[in-house]
Every structure is written in C-alpha cells, then in structure tokens.
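When reading the values below, keep in mind they use all heavy atoms of this one structure, side chains included, and skip hydrogens, waters and symmetry mates. All values reported here derive from a predicted model rather than from experimental measurement. All residue numbers refer to positions in the sequence shown, counting from 1.
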Amino acid sequence: MQTALLNARVLTDAGLESGLAVVIESGRIADVARANRLPDCECVDLEGGVLAPGFIDVQVNGGGGVLFNDAPSKETIAQIGAAHRRFGTTGFLPTLISDNLDVVAKAMTAVDAAIEAGVPGVLGVHIEGPFLNPERSGVHDAAKMRELDDAAFALLTSLKRGRTLVTLAPEMTTPEMISRLAAAGVIVSAGHTNATYEQTREAIAAGLTGFTHLFNAMSPLLARAPGVVGAALDDQDTWASVICDGVHIAPPALRIAFRAKRHERLMLVTDAMPSVGANEKIFKLQGKTIRVLNGVCIDESGTLAGADLDMASAVRTVVAETDVRPHEALRMAASTAADFLGLSNVTGRIAPGLRADLVHLDDELRVRRTWIGGAPSV
C-alpha cells in the first residue's frame, strides 16, 4: 500500500510548490504528484507547513547526552541519531574528534556495525583529526595530533559500509597522501589548518573537496596571504561547511560565504555536542569540562568547544541573518551535503526513486515530524 503525504508546500528542484503530494512505497519516493490526481493509497494530511528533504549533517560529535569519542559503539551512534532526528536530521556522520588510532579503529568498527544493523540515519563516519595542525587545534587535544602515515591510511580506508570523511591539515601531510585517500574513496576536507593559499590549491588539485567549519580554526583571508579561507571562497568546485549558531560566524562573514559558494556548495553542519537533545548542559571532552552558557559550548578558558546546535535551528539562523531564502537554506541542510558525500542518487532531494528521508516543518521552520526510509518518527 502506498502512502501519500499531502497538504504542505513541497521542496522540489523547482522550489517550494503547493498542491503536490509525495507518494511513498517500500521506503522510497514513488512519485511527486498533483494532490488531486492520486492513486488509491493511504493519505496523510500534513495540515500545512513545509515538506523538505530530511537534513544531512556531516559533523555530529554527540547528542542525547553522549559523545562519540567517549564510547564509539553502535549503541552510542543510535542514541546520537535519535536525539538529532527530533530536529529534522535523517542522515548523519558520527564524528570523532582527534584521538589515538585505537579509538579511530573502534569508531570505524562501530559505524560498520551500525550500518549493518540498520541504525536509522547513519551514512558513514567523519574522522576530524588527529592529522591536524597544533597551531590551529582549537578545543582538540594537540597532544593527540600525529602524522598521517601508512598505518593511519590503512585505518582510514577500512570502512566497509558508508562514506568516510576525513578532516586534515593539508600542510601536515602531502599532496600524494591526499591523492591516495581520494583514490581509495575517502572524502578529504581541510580543517584545523594553517596552510597557505598555495598549499591549499595543491591539496585541491590532489583530490581535496571540502572545508570543515569555514572560517573557524583555519588561516584567514588577508590581502597578500589569502590562506585557506581565501582558497575556499575562490574555488567554485569545492564544498564548505558552516556552523550557523549565531556565534561561530558573524553574519557579514556568512553572507560573504554564501555569495561566493551559493547554496549548491555551502552546507550546514551542527558540530553538535552531547548537550543537543539533552537536559544536561555540562559534559566532559577529553578531560576538559565543557559548559553551555547562553547556548554556547565553551571550555574553562573560553574556547569554543563544538556547538549546542541542531540543524533546524541552523536553518532558521541562516534565514534570519542573511538574504538566503528558506528553500535555499533547506537545501543547504540536505541536498548540498548529499552532493558532497556522493549520495545525491540516494537521498537529499524529494524526487521519484530516492529514499523517503523527509522532514515536515511548520511555517516557522520548526520540526513536526520526520521519515527515514519511509518510516515515520513516533
């Protein structure tokens, strides 16, 4: 039996359209049809609002009171996914902050197990470090940073299921290593880096395709030293992620990034910590006490430590602080990440044949309900 979701504006490739119904069958989108021309099926009246592709978050450190680093397991991934699903995220990469290689190995094993077990939403893994520049460590433990050698390469290319995203500092490795990773199917992103513009361009030529939390923890754009930020804004083919919580990026910088990259190449991420979807707003990060004060995660020294941010809030912030229109912000939260991960033929859009990963929002862009593979949230 097919199920039709109707009576909401539907985000299609043409924009937000009224009068359409999204027909779901066997976990996939069977059709996007005029609501007055539906086949015999079960109809679900959404009673207004917006039906958009489910959000895809490629940087999720934690949620629901747990941190992936603390317990890299299938159960932790499930708990994080459940916490973020409440805020519209239907696809995500559990993200491991710089750690020892034995912890990286546990993370890879956990993600394989989670995907094999059918944990809703998990699309792969994001290994953010430890192949970073200590000069741009931020809240990462600089003592854990290390060379990207052959042993690390073997580990980073070991995932059997899903996508592997690696954030590294281009100047701390070689173009040859980046090329090897890309050839093995690893998605390479620059972050926590002090690379020059020229070094970054070499990395792009070698296969680097992304920039992790643009502007934060990277060499800035200066008049005679464009740095990583300059390379990211100058390049039209790479993707960049932004943490839109009203703190990590000032509105003018966000507007400049959008004008340079547009919604097709600028994606929203949360960099979420355990506090998202949890009542407790104090947690430990590799021995440091992190507190959420006025919605901001900071350590004892006042350094930003990830974010207390969900994707729906990020969407609302983009709309409020820039000239980005709601349908563009929703695409930045879904289809842009799907393109970046090479999953646009699977998810990230509302089109026949794709998986029925969907989010229903009210007119204020607050989440009402989600579907992952056609299965509705409770």
Enquirer: Salt bridge or not for K288 and E300, using N-O below 4.0 Å?
Expert: no
Enquirer: Please report the interatomic distance CE(M172) to CG(L132), rounded to the nearest 0.5 Å.
Expert: 8.5 Å
Enquirer: So, taking the atom named CD in E202 and the one named OG in S179, what distance separates them when rounded to the nearest 0.5 Å?
Expert: 12.5 Å
Enquirer: Can you spot which of V292, I290, T289 makes a side-chain contact (heavy atoms from CB on, under 4.5 Å) with I282?
Expert: T289
Enquirer: For the pair E198 and R201, find out whether any cationic side-chain nitrogen is under 4.0 Å from an anionic carboxylate oxygen.
Expert: no
Enquirer: Are any of the side-chain nitrogens in R9 or D363 under 4.0 Å away from the carboxylate oxygens of its partner?
Expert: yes
Enquirer: For the ring pair H248 and H213, is the centre-to-centre distance below 6.0 Å?
Expert: no
Enquirer: Quick one: are V242 and M267 in side-chain contact, heavy atoms under 4.5 Å?
Expert: no
Enquirer: Using a 3.5 Å distance criterion without hydrogens, assess whether the side chain of T89 forms a donor-acceptor pair with backbone atoms of G91.
Expert: no
Enquirer: Drop me the distance from L181's CG to E176's CD, to the nearest 0.5 angstrom.
Expert: 12.0 Å
Enquirer: Given the ring of F153, does R180 sit roughly above its face, with NZ or CZ under 6.0 Å from the centre of the six-membered ring and within 45° of the axis?
Expert: yes
Enquirer: In terms of side-chain geometry, is the basic nitrogen of D299 or R291 positioned less than 4.0 Å from the acidic oxygen of its partner?
Expert: no
Enquirer: Does any N or O in the side chain of K281 come within less than 3.5 Å of the main-chain N or O of C297, such that one atom is a donor and the other an acceptor?
Expert: no
Enquirer: Which is it for R259 and D323 under the salt bridge (charged side-chain N to carboxylate O under 4.0 Å, His left out) test, yes or no, and what are the steps along the way?
Expert: CA-CA 10 Å; R259 288 165 190 158; D323 53 2; 3.7 Å; yes
